[in-house]
Amino acid sequence: MPELPEVETARAVIAERALDRLIVDVDDSDRYECRPHAPGEIRQALLGRRLTSANRRGKSMWCETSGVGRCGEPGPPLGIHLGMAGRIFISDADGDEASGGDPVHGNGTAAIWTRFSLTFADGGRLRLFDKRRLGRVRLDPDILGLGPDALGISPPQFRTALARGTAPVKARLLDQSAIAGVGNLLADETLWQGRVWPGRRVQDLLPADVDRLYRALNRSLTSAIANGGVHTGRVINARRSDGRCPRCHAAMARATIGGRTTWWCTVEQAA
DNA sequence: ACTCGTGTTAGCTG
DNA sequence: TCAGCTAACACGAG
């Protein structure tokens, strides 16, 4: 699920419900989710501290941490990445639980898929729930390697990020070091709205193409955040072998571009 | 049984 | 050295 809109929702839940609560226990025993830290390392770094802020750049989140006690040095930032399927759940003292996204069906909350958790002094918990296990929790995450956040990027920043190199435009949109936050579905939605063939080389884009893509990205992001996720995009449902373009009803085409499955309208986004 | 995947990244290549 | 591409990662869903 998580692309920028879903991560922003998760960040907001952390900001609203997890800050300033005393951390009395940490389960960092999942070696893979907490790589490259050794078990207990994150736990030792966070015990007795509190999360003091919830931040996001692209799909990466991090929380600053307080000192231990009244005047200790601040702790290391706690980085959280939801990967392909991660979700955040936060419970309060009476056990009521909130999450940043859709309801989880069936045994979706099963403890075996909780890969990391903080327990607060009031008995509530923050849990990272991640079936696929491609999410990641780590101290002092690298944020500087990311490009400007896709939400709020300026037209000149967008133009610069896109123009670099010779890759297909879809690959560049997915490049987190160029623009942070665009995933596979959001890239397809943006290219469809902007009427650009995903395989077009970035050096061949005309200024008018870049302008349309900029507006399309902003529309896609705003809409996804308002409607609950990138899966609410207009072209997403048409990403099927029998799919039709929602605007002109032409057939959709499929190929692997930028290493990811890519769908586009054969007429409006013709090569 | 078998293939695919809304993300990241180590490793290879030109 | 760097941009670009591929395979690998883990494991559930269809």
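None of the values given here were measured: they were computed from a predicted structure.
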Exercise. Does any nucleotide pair with C/dC11 by Watson-Crick or G-U wobble geometry, both distances under 3.5 Å, and what is it?
Worked result: B/dG5

Exercise. Reckon A/R35 touches a base, only the sugar-phosphate, or nothing at all at heavy-atom distances under 4.0 Å?
Worked result: nothing

For this session: May I ask you to say what A/R138 touches in the nucleic acid, namely base, sugar-phosphate or nothing, with a heavy-atom cut-off under 4.0 Å?
Result: nothing

Which of these nucleotides, [options], is closest to any side-chain atom of [X]?
{"X": "A/K59", "options": "B/dG5, B/dT8, C/dG4", "value": "B/dT8"}
{"X": "A/K131", "options": "C/dG4, B/dT8, C/dG12", "value": "C/dG12"}
{"X": "A/Q176", "options": "B/dT8, C/dC5, C/dC11", "value": "B/dT8"}
{"X": "A/A171", "options": "B/dT8, C/dC5, C/dG12", "value": "C/dC5"}
{"X": "A/W113", "options": "B/dT9, B/dG7, C/dG12", "value": "C/dG12"}

Exercise. Below 3.5 Å, does any donor atom in the side chain of A/R132 face an acceptor in the base of B/dG5, or the other way round?
Worked result: yes

For this session: Check whether the side chain of A/R260 and the base of B/dG5 form a donor-acceptor pair under 3.5 Å.
Result: no

Exercise. Within 45 degrees of the axis of the six-membered ring of A/W62 and under 6.0 Å from its centre: does A/R138 put its NZ or CZ there?
Worked result: no

Check this for me: does any side-chain nitrogen of one of [X] and [Y] sit under 4.0 Å from a carboxylate oxygen of the other?
{"X": "A/R133", "Y": "A/E33", "value": "no"}
{"X": "A/E8", "Y": "A/R56", "value": "yes"}
{"X": "A/R201", "Y": "A/D204", "value": "no"}

Exercise. Within the structure, does a side-chain N or O atom of A/R136 lie under 4.0 Å from either OP1 or OP2 of B/dT9?
Worked result: yes

